[in-house]
Amino acid sequence: MARHLITSALPYINGIKHLGNMVGSMLPADVYSRYLRQRGHDVLYICATDEHGTPAELAAKEQGLPVDVFCAQAHDAQKAVYDGFALAFDHFGRSSSQQNVEITQHFARRLRENGFIEERAIRQVYSPADGRFLPDRYVEGTCPHCGYDKARGDQCENCTRVLDPTDLIDPRSAISGSTELEVRETKHLFLLQSKLQHEVEEWVARHEEEWPQLAASIARKWLTEGLHDRAITRDLDWGVPVPADTWPELAAEGKVFYVWFDAPIEYIAATKEWADSAPDGETRDWKSWWYEADDTVRYTEFMAKDNVPFHTVMFPATQLGVREPWKKVDYVKAFNWLTYYGGKFSTSQKRGVFTDQALDILPADYWRYFLIANAPESDDASFTWEHFTATVNKDLADTLGNFVNRVLSFSKKRFGEEVPAGGEPGEAESRLGEEITSLLAEYESQMEALQFRKAAAALRALWSAGNSYLEEKAPWLEIKTDQDAAALTLRTAMNLIRLYAVVSEPFIPSTSAAMRQVFTLPGDTATWAGTEETRALTSVPAGTPFTVPPVLFAKLTDDDLEAYKERFGGEPQPA
């Protein structure tokens, strides 16, 4: 089986993420990783918190914490939420790790040796009151376009216009609030992306036909507009330091690498973190996943569309420039936005449903299924409480949950706590086996193609097939005239439950585990259902003890809907 390396875009350290962040990278990566593991592939799923940059320093200052302490606490808080969503990372690291410092500095040295990094003098805002140069986000003021008085020196959050610090009206330091700012000359390192333009174009051309249209079109747009040399250092206290052995003057000034230079390198560094954290007696070879791995590893990245340029153009340019055989992405799974009633989720303005709040309301599987079944793949998708409630009730509570409950409850009532024997399978069971086999093949095909909405539809069709079979056979009527026929129907339906438990695991892992525990099957190590099993539906033999689990999915009421809307709002608030 192939080796699959999977990464999802690193969540930024500031704050708990909203549902749009979850469905745009980490959750689909987890679903795909789980599926591949079940199919027998060797999978390594890597993620980490992205901890450097101005927002982290400002957030730490606001909370009165040293930035390293703030980031450590924020990392643990995010990890707790991801554990709650049952995201099965092989490693969830930190971009502030020593491994990332070492590998980022190595990349920078190699780029310099190969002529792709140079020092350049630029003019930058300086604050005498703070005694330092101010990165773009450390300068605040009034937007010249819309008049918003809290615009940052890189962008106005209100009107989204891209800005330079010198564009701001009445600029001030975000550190001290001082308005006595100057523009002085300083030096920074620039990555000469313009010299790598043709190499990046050739590399993208070899891959873009396989990528989703969204990822390919964004990469091509950036290349058509041309790659520009980019400053990759900043004047910050927190970040990967410029190595003193290579740039002593800049190191003495406290320069650190720009967060978007070191963050993608953290994918590699987090893999080394994974290896370095191996339990005693276990050896993990991190480098075989990344170095000279083109023929042995299939690398898939998951991200929202705003991250695509960095992963399809900028980071590949860095990797090409080091002139070493580091693994580059094979497939970029890009997502559009999930909106909240058509408006933006906003971490800073607390608009929309955040992942910790979601887990306070309902268990993770409700959210996992809804988000993947409505993933914003071909276009933006809108979260509404009406749609969420309807999906939970129809698909999870009625189609799957009710099927499991009524089959097991009815069988226990009529035949006791063991799977009944009944007669031999007939025409209806034969048709069902063929239908399930076909639907499972469709599900597998869509999962292999990373088409998550279509995969969810195929899974839903598998659940629906069980309900249709039950309605056709009507064991509650059969038992009145032919107990063996009713027993056969229930035994077949129980085999469907066990099948659903196995193949639903990528979407709803906790519920799948609960369904699997219904049956006492010694030595049951199956990770997937083969064609023969789906046709025969005999993996749970007669006489197998079973239990009736608690309700798998509670139906959501009109009162629930109104309570959710009252708490979070039924429409987006204006920015």
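- Relative ring orientation between F388 and W385 is described as perpendicular, the plane-to-plane angle rising above 60° on a 0-90° scale split at 30° and 60°.
- With ring centers used as reference points, F383 lies under 6.0 Å from F370.
- Using cut-offs of 30° and 60° on the angle between ring planes, the pair H4 and H41 is perpendicular.
- A 6.0 Å sphere centred on CG of D360 holds more than 12 heavy atoms belonging to other residues, nucleotides or ligands.
- At least one donor-acceptor pair closer than 3.5 Å links the side chain of T399 to the backbone N or O of K394.
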Quiz item: Going through the checks in order, is the salt bridge (charged side-chain N to carboxylate O under 4.0 Å, His left out) test met by D356 and K17?
Solution: CA-CA 8 Å; D356 57 342; K17 304 307 161 192; over 6 Å; no
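- Among L432, L470, V404, the single residue meeting the side-chain contact (heavy atoms from CB on, under 4.5 Å) criterion with L496 is L432.
- Judged by distance alone, the side chain of S438 and the main-chain N or O of E435 form no donor-acceptor pair under 3.5 Å.
- When the options W290, Y331, W289 are evaluated for a side-chain contact (heavy atoms from CB on, under 4.5 Å) with Y299, the one that passes is W290.
- M22 pairs in a side-chain contact (heavy atoms from CB on, under 4.5 Å) with only one of the listed residues (L27, L338, D30), which is L27.
- Proximity of a side-chain donor or acceptor of Q38 to a complementary backbone N or O of T527 within less than 3.5 Å is detected.
- Using bins of under 30°, 30° to 60° and over 60° for the plane-to-plane angle, the ring pair F452/F302 lands in the tilted bin.
- The backbone N or O of L537 lies less than 3.5 Å from a partner atom in the side chain of N495, making a donor-acceptor pair.
- Remark: side-chain polar atoms of S217 are paired, donor with acceptor, to backbone N or O of L214 under 3.5 angstrom.
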Return a table of donor-acceptor pairs under 3.5 angstrom between the side chains of residues 560-568 and protein atoms on other chains or two or more places apart.
unit_1, atom_1, unit_2, atom_2, d
D560, OD2, T557, N, 2.9
D560, OD2, T557, OG1, 3.2
K565, NZ, E386, OE2, 2.8

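- Within the 3.5 Å criterion, the main-chain N or O of R453 finds a donor-acceptor partner in the side chain of E377.
- Between Q99 and W286, the side chains place no donor N or O within less than 3.5 Å of an acceptor N or O (distance only, hydrogens not considered).
- In this structure, A554 and N393 approach most closely via the heavy-atom pair O-OD1, 4.5 Å.
- Side-chain rings of F403 and W463 stay apart, their centers remaining 6.0 Å or farther from each other.
- Using a 4.5 Å cut-off on side-chain heavy atoms (C-beta onward), P309 and I218 make contact.
- By the 30° and 60° cut-offs, the orientation of the rings of F89 relative to Y45 is tilted.
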Practice problem: Kindly determine whether T296 and S288 satisfy side-chain contact (heavy atoms from CB on, under 4.5 Å), including the steps that lead there. | Solution: CA-CA 9 Å; T296 60; S288 70; over 6 Å; no
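- Taking the six-membered ring wherever Trp is involved, the centroid distance between the rings of W260 and Y12 does not fall below 6.0 Å.
- With 3.5 Å as the limit, one finds a donor-acceptor pair spanning the side chains of T437 and T534.
- When side chains are defined from C-beta on, T520 does not count as touching F546, because their heavy atoms never get closer than 4.5 Å.
- If you check the side chains of N100 and S95, you find no donor sitting under 3.5 Å from an acceptor.
- Without hydrogens or angle criteria, S411 side chain to V407 main chain gives no donor-acceptor distance under 3.5 Å.
- With no hydrogens or angles considered, no side-chain donor-acceptor pair links Y443 and R460 at under 3.5 Å.
- For W274 and F92, the distance between ring centers is not under 6.0 angstrom.
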